[in-house]
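Being a predicted model, the structure only gives us computed values, none of them experimental. Only heavy atoms go into these numbers, but all of them, side chains included; no hydrogens, no water, no symmetry mates. Chain letters run A, B, ... following the sequence lines, proteins first, then strands; residues in each count from 1.
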Number of protein chains: 2
Amino acid sequence: MAIELTKNEKDILKKFRKVKNEAGTHSPSIFVLQDLLPDIEFKVDACYLSNPYATELFIEYLQREIIETGKFRDLVEYYPSQNVFIAEKLSKKLGVNKENLFIGNGAVEIIQALMHEFCQEGKTSLPIPTFSSYYEFLKNPDNICFYQLSANKNFELDVDDYIKFIFDNNVDNVILINPNNPNGSYLKKKDLTKLLKALKHVKNIILDESFIHFAYEDEMLQLESASNLIDEFPNLSIVKSMSKDFGIAGIRSGYLISSKPKVSHLLKNGFLWNSNGLSEYFFELYTRDEFRKEYEKLRKKYITEFQSFYNQLKKIKGIKAYPTKANFVLLELIEGSTAENFCNKLLIEKGVYSRNCEDKIGLNGEFIRIGGRTKSENQYIISAIQEILK
Amino acid sequence: MAIELTKNEKDILKKFRKVKNEAGTHSPSIFVLQDLLPDIEFKVDACYLSNPYATELFIEYLQREIIETGKFRDLVEYYPSQNVFIAEKLSKKLGVNKENLFIGNGAVEIIQALMHEFCQEGKTSLPIPTFSSYYEFLKNPDNICFYQLSANKNFELDVDDYIKFIFDNNVDNVILINPNNPNGSYLKKKDLTKLLKALKHVKNIILDESFIHFAYEDEMLQLESASNLIDEFPNLSIVKSMSKDFGIAGIRSGYLISSKPKVSHLLKNGFLWNSNGLSEYFFELYTRDEFRKEYEKLRKKYITEFQSFYNQLKKIKGIKAYPTKANFVLLELIEGSTAENFCNKLLIEKGVYSRNCEDKIGLNGEFIRIGGRTKSENQYIISAIQEILK
């Protein structure tokens, strides 16, 4: 049954479209929305994608070590350390050389740097649907080769077919998000290794592991990053956002693991003080075993709760929930509603902010993306969706 | 009389040289130094340059509005707003169109963007001594034309002579820091306007006003920015750091006022979420009259105290204090000490971190730069310098 909007909801939709239009292919921030729609009570942010338990953990440390001790002023007043010094500390924990590590003002700064500095020449392949910045940051859009993932195959990447596509199109720069955004499909490490081995001739392989902390290959929920492959594959660059797994999008933290010449190229003419004080503090925390141990528990707890959330979503009539190994799920509305009406209703009536995927290239149909939150928030989202589809 | 170091001081100097070497032409952060030299008690940071009263004001607001209300979590957890939305709010306060405004992750990100995107072609002129990023971010260093400021003329810029230099060298991109860093010389607005009028043919004029809040033309201490000239001179780009005047280097805030095509060029392929939550909050504060009024008082108080600090420094035997309209002063050691020994002694014996200018191109002699702090810190710096020179 199609979802209809009331007059008031249509008015709000108009306002929302205006800011969405200005925001381009990305969602307006919670702050912009709150400004725009002061009458709406935002209850759950299921649009942006982050582990709220990890946010809490970071806030606890921050409160105890920085705010209560009065050290916060130092983080505000003093220049943060330069890129290389933060990288040096972090490198030990990541088990990579400091010369292979670059600290970013969020992963998106790193994506911009990679696309601008290394991918302007030659063709770039990118599976779609995807995170739009990868093609938007290319100055010449004619250089992009979209590789369509198939809804029939749950948007899963067929490695052999992608390799063939790359050869057939003489691709120079290969992009891969693992797990992929917006659908959450995951490429196992052995398949990834197969891909890397077949593509040694390619100039750049950019692997975005921003959601890797939510992926797993068995019930142990072990983290499987490709960062240990960096020496074997000099054309590999691994992009890592900390916003999602650590729930700290507001402090803009990310890193890049890449070959020494590429890291050195980036640092030679820029990226001097691109970290802020809070981000520097976070990376210092990240190197501490105690923090990592506490975080690890919350990571697994969050994954387990997300699995149950996903299983409940799968049972709801009227939507199709695609398989995912990320902390979000792509839902297809299969009974005639538009994604826009659905998201609008969910926001206005229930206070749940979700992602209308109508602007995603490579998605044909009505799709929305929902991120996992705390157990009780997940429960609230389930009920809200059920009521709206009723 | 030359300053000699003890054995212990020489050992510390070695360590300091090592991090300084890694930091390039910029100073290691306080955090890196504290890590490196745990035995030294840092008492005053006179190396980085900021108004500590303004830091306090920001911290007060932050404490009251964000920390005590529990809103801090939102700033950490949520994605900040995109560049255009923060620009839109700020533009009203600055009296410029939002299409002329670009928000930066600190001024240094803006400098990098300008140099990379607009100044790779043609020659770039730059008065020296200067802030080194301007030439370091140029990918082809052969394109730079240094214009030597003369110590005999107190490093003041002779507008007519600089114009002639620009014509003689067929310069495409003109850079001007006003007041200049590291010496603090100031170009009055009428002279600046003269320069802009004479250089309408030039591709880019980059005016860095990062220290403009400390400059004044008469005893009213009125702020004289060139931001209202942006419509008249389409080749003008104004870079503005907030780190110095607002004492918030750790949150990385800055903006650029430039022509609409240039701002649009930057936003087209990048700079999506380059602000963090604290910076977004700061810019929101910046638009409030109440905050600006309180800040304005502290700005004038700080300038007045700095004037007295400068006058005391001028009287100290063994150093020459160059005239300044910034919040720092360039000191020349004229009795045989090296800048390195002086800075080292000041740090180790007195806990005062200052800037050894030996790596500054265009300074021949032994120079250090000292930033102004609170009244009592200024007093402490004066005594420390006097004792070291004794």
| request: For the residue pair B/F31 and A/E284, establish whether any side-chain heavy-atom pair is separated by less than 4.5 Å. | output: no
| message | What part of A/I248 gets within 4.5 angstrom of chain B, counting heavy atoms only: side chain, backbone, both, or neither? | response | both
| message | Do B/Y302 and B/N327 pair up side chain to side chain, a donor and an acceptor below 3.5 Å, judged on atom types alone? | response | yes
| Donor + acceptor pair across side chains of A/S275, A/E280 (<3.5 Å) | no
| field | Check: A/S241 side chain, A/S210 main-chain N or O, donor-acceptor pair, under 3.5 Å | value | no
| note | Answer key: most heavy-atom pairs under 4.5 Å with chain B among A/E77, A/E22, A/Q82, A/H116 is A/E77
| query | For A/S50, is it the side chain, the backbone, both or neither that has a heavy atom under 4.5 Å from a heavy atom of chain B? | reply | side chain
| request: Answer whether the closest heavy-atom distance between the side chains of A/K15 and A/L37 falls below 4.5 Å. | output: yes
| message | In the structure I gave you, are the side-chain heavy atoms of A/F283 and A/T287 within less than 4.5 Å of one another anywhere? | response | no
| said: Determine whether a donor-acceptor pair (N or O, by modelled atom type, separation under 3.5 Å) exists between the side chain of A/N143 and the backbone of A/Q120. | reply: yes
| query | For the atom pair CG (B/D359) and NZ (B/K20), what is the distance rounded to the nearest 0.5 Å? | reply | 4.0 Å
| Part of B/L62 lying under 4.5 Å from any heavy atom of chain A | side chain
| task | Taking heavy atoms only and a threshold strictly under 4.5 Å, list by residue number the residues of residues 102-110 of chain A that touch chain B; give 'none' if the list is empty. | result | A/N105, A/V108, A/E109
| Do A/T130 and A/Y135 have side chains that get closer than 4.5 Å, going by heavy atoms? | yes
| field | Side chain, backbone, both or neither of B/Y48 within contact of chain A (heavy atoms, under 4.5 Å) | value | side chain
| query | With chain B, which of A/M115, A/E56, A/K268, A/E88 has the greatest number of heavy-atom pairs at distances under 4.5 Å? | reply | A/E56
| Are B/Y78 and A/Q34 close enough that some pair of their side-chain heavy atoms sits under 4.5 Å apart? | no
| query | Are A/L285 and A/E65 close enough that some pair of their side-chain heavy atoms sits under 4.5 Å apart? | reply | yes
| query | Non-hydrogen atoms of chain B under 4.5 Å away: do they reach the side chain of A/L33, the backbone, both or neither? | reply | neither
| field | Ring centroid separation B/H265 to B/F118 under 6.0 Å | value | yes
| Close approach to chain B in residues 69-76 of chain A, criterion heavy atom under 4.5 Å | A/F72, A/R73, A/D74, A/L75, A/V76
| field | Most contacts with chain B, counted as non-hydrogen pairs under 4.5 angstrom, among A/A54, A/S279, A/S29 | value | A/S29
| query | Heavy-atom distance under 4.5 Å to chain A: side chain of B/V32, backbone, both or neither? | reply | both
| request: May I ask you to name which of A/F282, A/F246, A/F85 has the most heavy-atom pairs under 4.5 Å with chain B? | output: A/F85
| task | Tell me, for B/I251 versus chain A, whether the close heavy atoms (under 4.5 Å) come from the side chain, the backbone, both or neither. | result | both
| message | Are the side chains of A/T124 and A/I144 in contact, using a 4.5 Å heavy-atom criterion? | response | yes
| Just checking, B/R288 and B/Y286: is the charged tip under 6.0 Å from the six-membered ring centre and within 45° of the axis? | no
| Heavy-atom side-chain contact between B/E99 and B/S264 under 4.5 Å | no
| Test side chain to side chain contact (heavy atoms under 4.5 Å, CB included) applied to A/D245 and A/Y295, step by step | CA-CA 9 Å; A/D245 36 18; A/Y295 164 73; 3.2 Å; yes
| Proximal component of B/E117, with respect to chain A [non-hydrogen, under 4.5 Å] | side chain
| Heavy-atom distance under 4.5 Å to chain A: side chain of B/D45, backbone, both or neither? | side chain
